[in-house]
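Each chain gets a letter, A, B and so on, in the order its sequence line appears, and its residues count up from 1.
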There are 2 protein chains.
Amino acid sequence: MALYSGHINKLIEELAALPGIGSKSAQRLAFHLINMPKDRVKRLTDAILDARENVRYCKECYTLTDSDVCPVCANRNRNHKMIMVVENTRDLAAYEKTGRYEGVYHVLHGAISPMLGIGPGDIRLKELIERLKGDVEEVIIATNSSLEGETTAMYISKMIKPTGIRVTRIASGVPVGGDLEYIDEVTLLRALEGRIEM
Amino acid sequence: MALYSGHINKLIEELAALPGIGSKSAQRLAFHLINMPKDRVKRLTDAILDARENVRYCKECYTLTDSDVCPVCANRNRNHKMIMVVENTRDLAAYEKTGRYEGVYHVLHGAISPMLGIGPGDIRLKELIERLKGDVEEVIIATNSSLEGETTAMYISKMIKPTGIRVTRIASGVPVGGDLEYIDEVTLLRALEGRIEM
């Protein structure tokens with residue numbers, strides 16, 4: 001579209017490539033950015049570059065964090081023998097928000113999806129197996145209740161069962177097809193309390 | 001919200017301050033940006049900074065553009081005696097997209113809104129009056145059909161009438177309360193053809 005000048009078109013193009021931003025939103029955003037005070041624009045671009053540059057994976061649970069070990073894993077008051085497996089950092093944050101889960105996490109960064117060609121080797125499963133060699137009493141699987149999430153849960157369950165470690169799945173209080181990060185805290189807690197043996 | 005690490009929180013905060021981006025979208029966007037290849041992140045932030053730095057107002061019609069005079073105003077084949085008044089550059093682009101308007105534009109960058117405290121002095125009206133001193137035969141008012149757009153249209157009409165220059169308003173083919181940039185080209189053209197004397 002050559003409706004706008006070069007710089008504007010370029011910006012609209014880059015914005016429209018982001019997830020959840022359509023061509024109209026990209027146009028609105030572009031003009032908003034062009035009209036924003038220069039120091040605020042700089043703050044935004046700095047925040048993007050700083051985050052991209054400095055955020056890394058926690059060496060224990062693989063969540064995205066600023067330090068080598070994330071605050072949850074670094075907290076000695078958490079129960080390190082209980083590991084909740086989630087698909088991503090946003091899902092971890094959703095459970096942290098309840099303020100009632102006392103164990104630690106393991107972030108897979110994805111779920112098994114034969115359709116999308118994502119296999120067990122493409123998510124952080126090897127790292128989970130490695131952690132189970134330590135002193136672990138329970139693995140709570142809190143992947144989404146989507147097809148991919150359930151497939152991943154089944155896979156992990158089968159993988160861990162032989163080790164004798166307790167494997168549980170958060171209860172079906174989470175609506176089928178629902179995405180963990182959009183669910184209210186009460187439902188998340190109910191799902192945690194009602195977790196069942198797999 | 002201290003759910004995420006410093007850099008991530010900072011980024012989410014900056015993103016959530018943009019229009020149309022809620023807290024959940026900001027989180028999704030943040031993690032998308034953190035996981036994007038570094039060169040693509042750089043391209044995005046460069047596009048933002050370049051646009052903010054280089055885009056300026058056209059000296060004639062005040063649309064946002066890369067050069068001193070925008071391509072429409074610089075085009076000798078356009079009818080410079082016919083000026084369409086629009087609220088912003090996106091609305092100009094909407095009419096340009098029809099490919100059938102042969103006049104030039106005047107971009108107000110806003111509309112009169114007593115509720116928001118935006119008066120005639122806060123939009124580019126002085127500049128419009130200045131342009132009318134030249135050889136102008138018709139001013140087509142294409143502000144939105146919102147309360148603010150109609151107020152602005154009335155104001156401009158009353159202001160220009162005494163000069164003897166023809167003042168028209170695009171027809172009510174544009175749905176009441178509608179935003180010009182979201183309307184299909186056929187409706188936009190019909191509105192242009194059906195314009196009436198004010």
Item to complete: From the options A:Val41, A:Thr45, A:Asp46, select the one residue that forms a side chain to side chain contact (heavy atoms under 4.5 Å, CB included) with B:Thr45.
Response: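 Only one of A:Val41, A:Thr45, A:Asp46 forms a side chain to side chain contact (heavy atoms under 4.5 Å, CB included) with B:Thr45, namely A:Thr45.
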
What part of [X] gets closer than 4.5 Å to chain B, counting heavy atoms only: side chain, backbone, both or neither?
{"X": "A:Leu92", "answer": "neither"}
{"X": "A:Ser25", "answer": "neither"}
{"X": "A:Ile34", "answer": "both"}

Fill in: Backbone of A:Gly6 reached by a side-chain donor or acceptor of B:Asp66 within 3.5 Å
yes

Item to complete: Answer yes or no: is there a donor N or O on one side and an acceptor on the other, between the side chain of A:Arg43 and the main chain of B:Glu14, under 3.5 Å?
Response: no

Output the distance between atom [atom1] ([X]) and atom [atom2] ([Y]), rounded to the nearest 0.5 Å.
{"X": "A:Asn88", "Y": "B:Gln27", "atom1": "CG", "atom2": "CD", "result": "10.0 Å"}
{"X": "A:Ile48", "Y": "B:Met36", "atom1": "CD1", "atom2": "CE", "result": "8.0 Å"}
{"X": "A:Thr65", "Y": "B:His7", "atom1": "OG1", "atom2": "NE2", "result": "9.5 Å"}
{"X": "B:Thr89", "Y": "A:Phe31", "atom1": "OG1", "atom2": "CZ", "result": "5.0 Å"}

Item to complete: List for me each residue that meets side chain to side chain contact (heavy atoms under 4.5 Å, CB included) alongside A:Ile165, sequence neighbours excluded, and say none if there are none.
Response: A:Leu132, A:Val136, A:Val139, A:Ile160, A:Thr163

Which one, [options], leads in non-hydrogen pairs under 4.5 Å with chain B?
{"options": "A:Thr63, A:Ile21, A:Asn35, A:Asn54", "answer": "A:Asn54"}
{"options": "A:Lys24, A:Arg28, A:Lys10, A:His32", "answer": "A:Arg28"}
{"options": "A:Lys38, A:His109, A:Glu13, A:Arg40", "answer": "A:Lys38"}

Worksheet item: Shared ILVMFWY cluster between B:Ile129 and B:Ile156, side chains joined below 4.5 angstrom?
Response: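 Yes, it is one cluster - the side chains of B:Ile129 and B:Ile156 are joined through contacts under 4.5 Å.
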
Discussion item. Quick check on B:Glu127: does its CD atom have over 12 non-hydrogen neighbours (other residues, nucleotides or ligands) under 6.0 Å away?
Written reply: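 Enclosed: over 12 neighbouring heavy atoms sit under 6.0 Å from CD of B:Glu127.
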
Quick one: are [X] and [Y] in side-chain contact, heavy atoms under 4.5 Å?
{"X": "A:Leu44", "Y": "B:Leu15", "result": "yes"}
{"X": "A:Leu18", "Y": "B:Leu33", "result": "yes"}
{"X": "A:Ser5", "Y": "B:Leu64", "result": "no"}
{"X": "B:Lys42", "Y": "A:Arg52", "result": "no"}

Discussion item. Can you give me the closest heavy-atom contact between A:Arg90 and B:Tyr4, atom names plus distance?
Written reply: CA-OH, 3.4 Å

Worksheet entry | Selection residues 69-79 of chain B - residue pairs positive for side-chain hydrogen bond (donor to acceptor under 3.5 Å, both in side chains), sequence neighbours left out |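 side-chain hydrogen bond (donor to acceptor under 3.5 Å, both in side chains) check on residues 69-79 of chain B returns B:Arg78-B:Glu96.
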
